[in-house]
Every structure is written in C-alpha cells, then in structure tokens.
Amino acid sequence: MSMLDDYAAVTGSDVIAQLHQLAEPMQGMKVVHVNSTRSGGGVAEILTKMVPLMRELGIDTDWEIISGEGDFYTCTKGMHNALQGHRIPISQQLLDVYAKTNADNAEALRPTLEQADFVFIHDPQPAALLQHCPGRRGKWIWRCHIDASHPYRPVWRYLRERIAGYDASVFSLAAFAQELPHPKYLIPPSIDPLTDKNVELEQAEIDAVLEEHQLDPERPMLVQISRFDRFKDPLGVIRAYQLAREFSPHLQLVLAGGGATDDPEGATVLEEVRAAASDDPNIHILLLPADAHRTVNALQRAADLVIQKSLREGFGLTVTEGMWKGKAVIGGDVGGIRLQVIDHHTGFLVNTPEGAALRIRYLLHQPEKLQEMGEKARSLVLENFLITRHLREYLTLMVALMN
Ligand code: UDP
C-alpha cells in the first residue's frame with residue numbers, strides 16, 4: 001500500500017484523488033527543495049514527508065542541503081532573528097561569508113538547479129543561490145517559514161536584493177508577507193496526522209502517561225505544551241488556572257516543555273514558573289525530552305482543554321495539534337493562533353489571564369459546548385492544516401506558475 005493511501009484513511013480518498021489530478025501536468029518534472037538541514041526544526045520535518053509524497057505523485061523530487069562553516073550559521077541565525085524583528089545589524093564580514101557559502105554550494109548544485117522545472121528555496125540560508133544559476137530554466141520559489149512581519153530593515157534590504165529575482169514567494173500568513181516585485185502566495189504550515197505526535201493512541205497508553213506523571217484521569221485537566229519562553233506566557237496560564245480553580249476546585253494544570261538545560265533564558269523562565277506554581281500540587285510542570293512525541297500526544301488527548309496563551313506566536317503548531325485531537329483551544333489573540341481558533345467556534349481567543357479564566361470556567365461547566373467546539377476544531381484542522389492540504393497548495397502554486 002502506498003503512503004498516500006495511508007493518508008486517504010484520514011482525509012478520504014477524494015483528497016488523494018485531487019492530489020493525483022493536480023499532479024497530472026507535472027508528471028516526470030523535476031522539483032528540487034533546498035534548505036540547510038535534513039533534521040531538526042519544522043522545515044526539515046515537513047520536507048521529510050513532503051518530498052516522498054511528491055515523488056509518489058509522479059514528480060521527480062529531490063531534496064538538497066547547503067552547508068557552511070560556523071560563521072555562515074552565525075550570519076543566517078542573525079538573518080532569522082532580524083526577520084523576526086531583532087534590530088541587530090550583521091557585519092560585512094559575516095555577509096561576505098554568507099555570499100561565498102552560497103556561491104560555493106552553487107558550484108555543486110548548479111547542474112541540478114539549472115535543469116529543474118521548479119526550485120523551492122526554504123528560508124534565508126540558501127536564498128542567494130539564484131544569482132549563481134544564470135542558466136536556470138525553471139521557476140524559482142522562495143518559501144519563507146519565518147514571522148517576517150516586522151523585519152529589521154537593513155537586513156531585509158540585503159536579503160530582498162537576493163529574493164527579488166524569484167518567480168514567487170510563499171509566506172505562512174498575510175501578516176508576514178513583505179513587499180516584493182513578484183506574486184506572493186500564502187500557504188500556512190501543517191501537521192502530519194500519521195506521526196507519533198498525532199496518531200490515534202490506545203486508551204491504555206494515555207492512561208500510562210497520566211499515571212507516570214501522577215495525573216488524575218477523573219479530574220479536569222488544562223494543558224499547555226510549550227517551550228519555557230516568556231512569549232508563551234506560562235505565568236499568565238498559571239494565573240488563569242488559579243482564577244478558574246475558584247470555580248473548578250478539582251482542576252489540574254499541566255505545563256509541559258523541553259528541559260531547556262542549554263538555554264539560559266529557558267532555565268530562568270522555568271524558575272519563574274516554579275516560583276509562581278509555588279507548592280500547588282495540582283500544577284504539574286513536566287520537563288520532557290525533545291523526542292517525547294507520544295507523551296505530548298497523550299497529554300493533548302487526555303486534556304479537557306488545551307490552552308496556548310501566547311503573547312506572540314508565528315503559527316502555533318501546538319494549537320493545531322490540540323485541535324486535531326478534538327480539543328477546544330483557549331488561545332492568545334495573536335499571530336497564527338487567530339487563523340485556527342475561531343472565537344466562539346473552535347475555542348476562544350483571549351488577551352488576559354482573567355479572560356482565559358472566564359472561558360475555562362464556561363467550558364468546564366458546559367460539557368456539550370466543549371465537545372461541540374472540539375469537533376469543530378478537528379474539522380477545521382482536517383480541512384485546512386494537514387500536510388495533504390499543504391501538498392495540494394504546493395501543487396496548485398506550481399500549476400499557476402506553469403501558465
Ligand atoms: N514540543 C514538543 N515538546 C515540548 C514542547 C514543544 O514536542 O516539550 C513541540 C510541539 O508539540 C510543537 C512544537 O514543538 O510541535 C512547537 O511548535 P509551535 O509552533 O507551537 O511553537 P514554537 O516552539 O515553534 O514557537
């Protein structure tokens with residue numbers, strides 16, 4: 001059985017038939033994705049699945065990685081941060097390393113890239129490859145996965161010069177799109193329903209996770225899965241929980257995130273969270289290893305309510321993941337959370353701990369509403385935020401650029 005057939009079991013066979021139909025004009029065409037890492041991070045995670053799925057659709061798809069020395073990554077990290085609004089200039093020396101690394105990588109990749117029908121360049125790292133491929137015959141697309149809504153202008157101007165020559169750009173949200181002299185497309189991220197993070201779990205596995213972390217399956221549970229980061233507002237979540245507890249005295253709160261041992265800010269935030277939780281035995285702070293996907297899955301499934309009270313958020317995959325598990329989500333009224341939490345339908349958008357507490361109280365006392373919102377949440381993800389939709393939009397984009 002093919003991989004696409006596995007997805008058909010989730011999305012229905014019409015969705016898969018449509019993918020085959022859209023891919024029809026691209027049979028045998030050459031597509032190359034380029035980024036700077038094969039593992040780690042959302043881009044690699046998506047490409048790991050996207051590339052074999054495109055191949056299965058009859059498109060000759062390759063995935064190339066560019067590589068460089070330490071200074072190259074220092075520079076591209078600076079670019080990443082600058083696109084996300086950090087006002088920190090990048091030295092000419094680092095920009096020269098960036099330019100040279102792209103030129104060097106182009107030497108090896110040029111034959112492949114110049115021959116390809118479509119080239120997807122992901123994020124800033126390989127963005128300068130285009131200028132080293134003067135004989136290119138296909139369409140080039142710059143795929144930006146970053147929240148570029150308020151870029152630091154000097155850095156963006158440098159990158160823009162290298163991106164302007166592309167045939168199209170793709171951003172995740174309208175708010176992230178920058179002015180460019182070519183068509184811009186909006187394609188939000190997606191989750192994969194067949195990974196450990198999102199597959200259906202047996203009740204026994206969920207129960208075992210609850211037991212391991214001393215959570216009571218009989219009592220209501222509020223869950224936020226997030227790095228310990230101030231933008232995720234864990235202290236606001238604790239405050240909301242404390243207010244809600246006045247009306248739901250059995251409520252338990254789970255704040256689960258990575259260990260953050262090598263991240264000084266993460267450790268500080270974790271200390272703040274521990275202090276705010278004080279000695280409340282009903283606040284469970286869980287430090288999970290990075291690969292605890294099934295644990296995260298189980299916690300999201302066991303939750304009565306998923307909360308993601310971010311103060312700033314690119315997209316918020318934890319929101320998508322919670323909704324996919326049929327949970328209403330209480331989300332901060334920011335960034336990509338607004339695309340997913342349709343206020344009063346798939347959850348509630350909130351701005352303050354008081355607002356969140358009000359919604360927690362309401363939903364815990366209205367089990368029918370909670371279930372109805374959870375069902376709508378799952379449908380919204382099924383229609384909009386699965387990898388099959390992401391693939392469909394890449395195909396549609398390619399068809400549009402062929403004409
Ligand atoms: N995540 C995880 N373990 C943790 C914390 C987060 O696996 O301890 C996952 C989470 O399930 C989601 C991703 O990391 O898939 C976080 O993505 P999101 O867009 O929510 O936030 P980001 O961390 O990118 O700001």
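Both counts, for ligands and for their atoms, begin at 1 and track the order of listing.
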Checklist line | Nearest-0.5 Å distance, OG1 of residue T396 to CZ of residue R389 | finding: 10.5 Å
Check: Can you tell me how far NZ of K197 sits from OG1 of T320, rounded to the nearest 0.5 angstrom?
Finding: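 Result: 10.5 Å between the selected atoms.
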Notebook entry, point to check: For D71, what residues pass the side-chain contact (heavy atoms from CB on, under 4.5 Å) criterion, not counting sequence neighbours?
Noted result: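 Expected list: T74, Q93, L94, V97.
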Would you give me the side-chain donor-acceptor pairs under 3.5 Å for residues 42-54, sequence neighbours excluded?
{"unit_1": "T48", "atom_1": "OG1", "unit_2": "A44", "atom_2": "O", "d": "2.6"}
{"unit_1": "K49", "atom_1": "NZ", "unit_2": "Y7", "atom_2": "OH", "d": "3.1"}
{"unit_1": "K49", "atom_1": "NZ", "unit_2": "D192", "atom_2": "OD2", "d": "2.6"}

Margin query: Check whether R359 reaches the backbone of I330 with its side chain - one donor and one acceptor, N or O, closer than 3.5 Å.
Written below: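 Pair absent, no side-chain N/O of R359 close to backbone of I330.
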Next item on the list: List, ordered by chain and residue number, the protein residues whose closest non-hydrogen atom lies under 4.0 Å from any atom of ligand 1.
Entry: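 Shell around ligand 1 (4.0 Å, heavy atoms): K197, I225, R227, K232, G257, G258, V296, E313, G316, L317, T318, E321.
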Please tabulate, for side-chain N and O atoms in residues 77-87, each donor-acceptor pair with protein atoms closer than 3.5 Å (sequence neighbours left out).
{"unit_1": "H80", "atom_1": "NE2", "unit_2": "Q84", "atom_2": "NE2", "d": "3.4"}
{"unit_1": "Q84", "atom_1": "OE1", "unit_2": "D147", "atom_2": "N", "d": "3.4"}

